[in-house]
Protein chains: 2
Amino acid sequence: MKLDRDRIVEEAFALLEADGLDAFSVRRLATRLGVQPPALYWHVESKAELVTLMAQRLYAEARAGHEGLEEWRDWLIAFGHAMRGRLLAHRDGARLCAVAEPDRAATAETRQALAAPLIARGLGEDVALSRLGSVIALALGWTIYEQNGGMHDYLEALFDFDASFAASLEAMIAGFPREA
Amino acid sequence: MKLDRDRIVEEAFALLEADGLDAFSVRRLATRLGVQPPALYWHVESKAELVTLMAQRLYAEARAGHEGLEEWRDWLIAFGHAMRGRLLAHRDGARLCAVAEPDRAATAETRQALAAPLIARGLGEDVALSRLGSVIALALGWTIYEQNGGMHDYLEALFDFDASFAASLEAMIAGFPREA
DNA sequence: CTCCGTAACTTAACGGTGTTAAATACAAAG
DNA sequence: CTTTGTATTTAACACCGTTAAGTTACGGAG
């Protein structure tokens, strides 16, 4: 069965799911793919690039599918929940994104594309990017604790994850000034 | 020069500062301390415990010193800025806290102590802990991006770190209902 | 059919990692 | 002097990401 980037990334997610980020190694991934470790380096530059590929798939999934919402606040809330949802959907998804580097092929167009949904709903580009960043940061920080085994058990005795995240996300977005 | 937990943690921070989290290894730390690597295991259970010790020092620093503020909102804002400040004060401080486990010796008293500053300013314990968690999550998520070399360069072209963090922190806290 | 070049992969190795078990130094106590 | 416990070293294990060099597979050109 031949190797390619897509199959590598797919199996990488399976390995992450099965063994977690700490045991996520190039060598174990190669075993799963029925191949010797260095074979992966033909298709992928480094483990870091592979992680970046995985993270970018996560980010892209979170941005998709909120077309029906007309208010930027509603869009941001939906996006925030989707972001947390995608992070939680994979074991150690948050830590994965925490170590991932940005897409090196990012251009001014990428930047425009990122801001587009919010611009279309009335925000200026600078504000749009700032708001987006804030929501992503909240979701990432939140899920990092939520997915940290020990922290999870410790914190779930202190408050409810779902309810508290929803409350803080809604508070933050409600608190954003109409335009700035 | 004899070894003890305090000296280990201190030198660990120095190593983190000098070489970053990726190069932060037990072996390099031992070299810095003029000792063979396994010597550290007499004083510390594992690298994970050492990281937890370091993270807890960070958290404690962030909580200290906001006595003058009488409103819980003001206290939370000061704490949020302090939290980000302490994370930024050490290279890879955010990622360090992201992988740290909670204090295993945490009790119901610890929980009470955590919530105390907010309870003293009028919040119920459950709400206090939830609010505290939200602010920490925002600060952690934010600084993770801020300290990720590639992401930093990528994002600083999109918005201003200081201003955007302040805006989202203030928005979130302003958006929290008076009591819930 | 043969030759060649490229793509895709393997084998072998390098220098690193966290951690453990066993042997050792050393100071205090009896 | 001997014993005891603390603190450290030496040696080793099983991993890790990555590179260099060798090998196979295969498609197109002559």
Side-chain angles (χ1 to χ4, degrees), chain A residues 1-56 91-92 95-102 104 148-150, chain B residues 1-56 91-92 95-102 104 148-150:
Chain A
M1 207 188 310
K2 284 205 65 179
L3 228 48
D4 62 37
R5 266 168 110 99
D6 279 353
R7 208 164 81 80
I8 291 176
V9 171
E10 194 173 343
E11 199 64 37
F13 271 111
L15 173 59
L16 184 67
E17 215 63 43
D19 300 352
L21 190 61
D22 292 332
F24 180 82
S25 77
V26 174
R27 299 173 113 99
R28 291 168 74 91
L29 179 55
T31 304
R32 263 181 171 268
L33 290 161
V35 118
Q36 298 302 315
L40 301 187
Y41 285 82
W42 181 259
H43 305 273
V44 157
E45 197 183 51
S46 64
K47 183 182 180 181
E49 199 206 17
L50 175 56
V51 167
T52 296
L53 253 45
M54 296 170 75
Q56 265 156 23
R91 163 123 88 131
D92 293 326
R95 257 166 69 208
L96 185 89
C97 288
V99 302
E101 284 163 21
R104 280 188 314 259
N148 176 331
Chain B
M1 203 189 312
K2 282 207 66 180
L3 229 47
D4 62 36
R5 266 169 109 100
D6 278 352
R7 209 165 80 80
I8 291 176
V9 171
E10 193 173 342
E11 199 63 38
F13 271 111
L15 173 59
L16 183 67
E17 216 62 44
D19 299 354
L21 191 61
D22 292 333
F24 179 82
S25 76
V26 174
R27 299 173 113 99
R28 291 168 73 90
L29 179 55
T31 304
R32 262 179 172 270
L33 290 162
V35 120
Q36 298 303 315
L40 302 187
Y41 287 82
W42 181 261
H43 305 273
V44 156
E45 196 182 50
S46 63
K47 183 182 181 182
E49 199 207 16
L50 175 56
V51 166
T52 296
L53 253 46
M54 297 170 76
Q56 265 155 23
R91 164 123 89 129
D92 293 327
R95 257 166 69 208
L96 185 89
C97 288
V99 303
E101 283 163 21
R104 280 190 313 261
N148 176 330

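Quick caveat: nothing in here was measured; it's all calculated off a predicted structure. Protein chains get the first letters and strands the later ones, always in sequence-line order, with residue 1 at the start of each. Note that these values count all heavy atoms, side chains included, but never hydrogens, waters or copies made by symmetry.
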Just the rounded figure in Å: distance from [atom2] of [N] to [atom1] of [X].
{"X": "B:Leu21", "N": "C:dT17", "atom1": "CG", "atom2": "C1'", "answer": "14 Å"}
{"X": "B:Leu33", "N": "D:dT9", "atom1": "CG", "atom2": "C1'", "answer": "15 Å"}
{"X": "A:Asp19", "N": "D:dC16", "atom1": "CG", "atom2": "C1'", "answer": "15 Å"}
{"X": "A:Phe24", "N": "D:dG17", "atom1": "CZ", "atom2": "C1'", "answer": "12 Å"}
{"X": "B:Asp22", "N": "D:dG17", "atom1": "CG", "atom2": "P", "answer": "13 Å"}
{"X": "A:Arg28", "N": "D:dG17", "atom1": "CZ", "atom2": "C1'", "answer": "15 Å"}
{"X": "B:Lys47", "N": "D:dC16", "atom1": "NZ", "atom2": "C1'", "answer": "12 Å"}

Test of understanding: with side-chain contact (heavy atoms from CB on, under 4.5 Å), list the residues that count as partners of [X], not counting sequence neighbours.
{"X": "B:Thr31", "result": "none"}
{"X": "B:Ala12", "result": "B:Phe24, B:Leu29, B:Leu50, B:Met54"}
{"X": "B:Asp6", "result": "B:Asp4"}

Practice item. Using ring-ring contact (aromatic ring centres under 6.0 Å, His included) as the criterion, list what pairs up with B:Phe13, not counting sequence neighbours. Key: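 Listed in chain order: B:His90.
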Please report, to 0.1 Å, the donor-acceptor pairs under 3.5 Å made by any side chain of residues 35-46 of chain B, with sequence neighbours excluded.
unit_1	atom_1	unit_2	atom_2	d
B:Ser46	OG	B:Ala48	N	3.4
B:Ser46	OG	B:Glu49	N	3.2

Review point. In residues 8-15 of chain A, what residues come within less than 4.0 Å of DNA chain C, judged by heavy atoms?
Key: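 Heavy-atom cutoff 4.0 Å gives no residues at all.
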Revision key, fill the gap. When rounded to the nearest 0.5 Å, the distance separating CG of B:Asp92 from CG of B:Asp19 is 10.5 Å
**Study point:** Value rounded to 0.5 Å, distance of CZ in B:Arg91 from CG in B:Leu15
**Key:** 9.5 Å
Pairing residues for [X] by the salt bridge (charged side-chain N to carboxylate O under 4.0 Å, His left out) criterion, not counting sequence neighbours:
{"X": "B:Asp22", "answer": "B:Arg95"}
{"X": "A:Glu11", "answer": "A:Arg32"}
{"X": "B:Glu10", "answer": "none"}

Practice item. Mind running side-chain contact (heavy atoms from CB on, under 4.5 Å) on A:Glu101 and B:Asn148 for me, showing each step along the way? Key: CA-CA 7 Å; A:Glu101 284 163 21; B:Asn148 176 330; 4.3 Å; yes
Polar-atom pairs under 3.5 Å, protein N or O versus N or O of nucleotides 5-8 of chain C: list them with distances, or write none.
unit_1	atom_1	unit_2	atom_2	d
C:dA8	OP2	A:Trp42	NE1	2.5

Are there any protein N/O atoms within less than 3.5 Å of an N/O atom in nucleotides 10-14 of chain C, and if so, which ones and at what distance?
unit_1	atom_1	unit_2	atom_2	d
C:dT10	OP2	A:Gln36	N	2.8

